Amino acid sequence: MADTIIETRCIAKHFGGLHAVDGVDLQVAEGAMHSIIGPNGAGKTTLFNLISGYLKPTSGQVYLRGREITNLPLHRMAHLGIGRSFQITNVFSNLTVLENVRLSAQALGRDNLKLWTSARRFRRYEDQALAALQEVGMAEKAGLPASVLPHGDKRKLELAIILAGDPQVLLLDEPTAGMASEQVPALVEMIARIRARGNKTIILVEHNMGIVMNISDRITVMHQGKVLAEGNPAEIAANEAVQRAYLGESQHDEHS
Ligand SMILES: Nc1ncnc2c1ncn2[C@@H]1O[C@H](COP(=O)(O)OP(=O)(O)OP(=O)(O)O)[C@@H](O)[C@H]1O
Ligand SMILES: [Mg+2]
């Protein structure tokens with residue numbers, strides 16, 4: 001059995017009276033592809049915000065390899081090796097592709113405290129950035145302004161931005177959202193490859209059930225801020241409570 005790398009204990013986030021995340025116990029095994037699914041508004045992004053330090057919980061704790069990290073400031077989380085992407089594309093459009101990634105390498109690099117940057121160190125950040133761009137197949141676009149990239153390439157750039165910080169845990173919030181469907185398989189393959197090659201742990205929020213069922217080792221289903229079910233893809237597919245939660249939703253609104 002792999003060790004647990006990320007754990008939440010009874011974590012909760014309330015916005016006024018709304019219990020967006022309501023006592024979630026999550027254990028993510030090191031090296032796993034662990035997906036979090038659930039209907040719109042289930043609390044998936046809020047849970048990511050709690051794990052990655054963007055939000056402080058109302059109650060409960062977050063652990064990284066057994067060490068409590070609940071109230072550490074955001075930059076400490078990043079330096080400990082937790083990298084995350086956003087549901088909505090988030091790049092500096094007036095910088096080049098390479099500059100976007102280099103900034104991240106510089107900011108998230110584990111040794112960025114020695115930032116009285118020598119030319120040599122600067123080169124190293126640039127090399128790291130190029131390697132990350134290579135990994136996502138964007139090296140030949142390094143010199144372009146990020147603003148001219150089509151949406152699919154922006155999502156790849158975001159992956160490179162996270163990879164440049166060399167995180168141990170990647171939290172990816174709907175990485176395929178808004179992509180043309182013919183581009184989706186290549187991105188999914190890339191994510192699987194990144195994880196396998198770097199022995200990384202990936203926590204994935206994704207609405208596309210085909211993807212989730214294919215690449216996950218483990219799936220946690222959230223509903224109304226709580227964990228509704230957890231298991232491997234076959235167990236989740238067969239779970240009646242899960243089917244009900246999704247059926248109930250499709251009567252009200254569409255998946256994004
Ligand atoms: N900053 C906030 N202030 C108030 N309410 C919030 C805030 N962030 C999220 N919520 C609410 O918390 C609930 C959970 O939202 P969250 O974004 O975590 O859901 P989600 O599972 O990511 O949904 P989706 O699949 O649509 O992305 C929703 O009802 C949402 O409106
Ligand atoms: Mg969300």
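Just so it is clear, the model here is predicted, and its values are computed rather than measured. Both ligands and their constituent atoms are indexed starting at 1 by order of listing.
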| field | contact_flag Gly43 ligand 1 heavy-atom lt 4.0 Å | value | yes
Judged by heavy atoms only, the candidate from Thr45, Ile36, Asp173 nearest atom 22 (O) of ligand 1 is Thr45
Original post:
Taking 4.0 angstrom as the limit, do Glu174 and Lys44 come out as a salt bridge?
Top reply: no
### Query
Going by atom types only, do Thr220 and Glu230 share a side-chain donor-acceptor pair under 3.5 Å?
yes
May I ask you to check if ligand 1 and Gly41 share an N or O to N or O distance below 3.5 Å?
yes
Transitive ILVMFWY side-chain link Val184 to Leu159, under 4.5 Å
yes
Arg195 with Asp217: basic N within carboxylate O range, under 4.0 Å: yes
Counting from 1 in the order shown, the ligand 1 atoms closer than 4.0 Å to a non-hydrogen atom of Glu174 are 25 (O), 27 (O)
Mind checking whether His207 has a heavy atom under 4.0 Å from ligand 1?
yes
If you compare Val21, Leu18, Asn40 by their heavy atoms, the one closest to atom 30 (C) of ligand 1 turns out to be Leu18
Original post:
Got an N/O contact under 3.5 Å between Phe15 and ligand 1?
Top reply: no
**Q.** His34-Thr201 side chain donor-acceptor pair, cut-off 3.5 Å
**A.** no
In this structure, CG of Leu64 is separated from CD1 of Ile82 (nearest 0.5 Å) by 5.0 Å
**Asked** Do any of the N/O/S atoms of Asn40, backbone or side chain, fall under 2.8 Å from the Mg ion (ligand 2)?
**Response** no
Closest to atom 25 (O) of ligand 1 by heavy-atom distance, out of Lys44, Glu206, His19, His14, is Lys44
Practice prompt. Using distance alone, decide if ligand 1 has a nitrogen or oxygen within less than 3.5 Å of any nitrogen or oxygen in Ala42.
Written response: yes
So does Arg9 pair up with Glu7, basic N to acidic O under 4.0 Å? yes
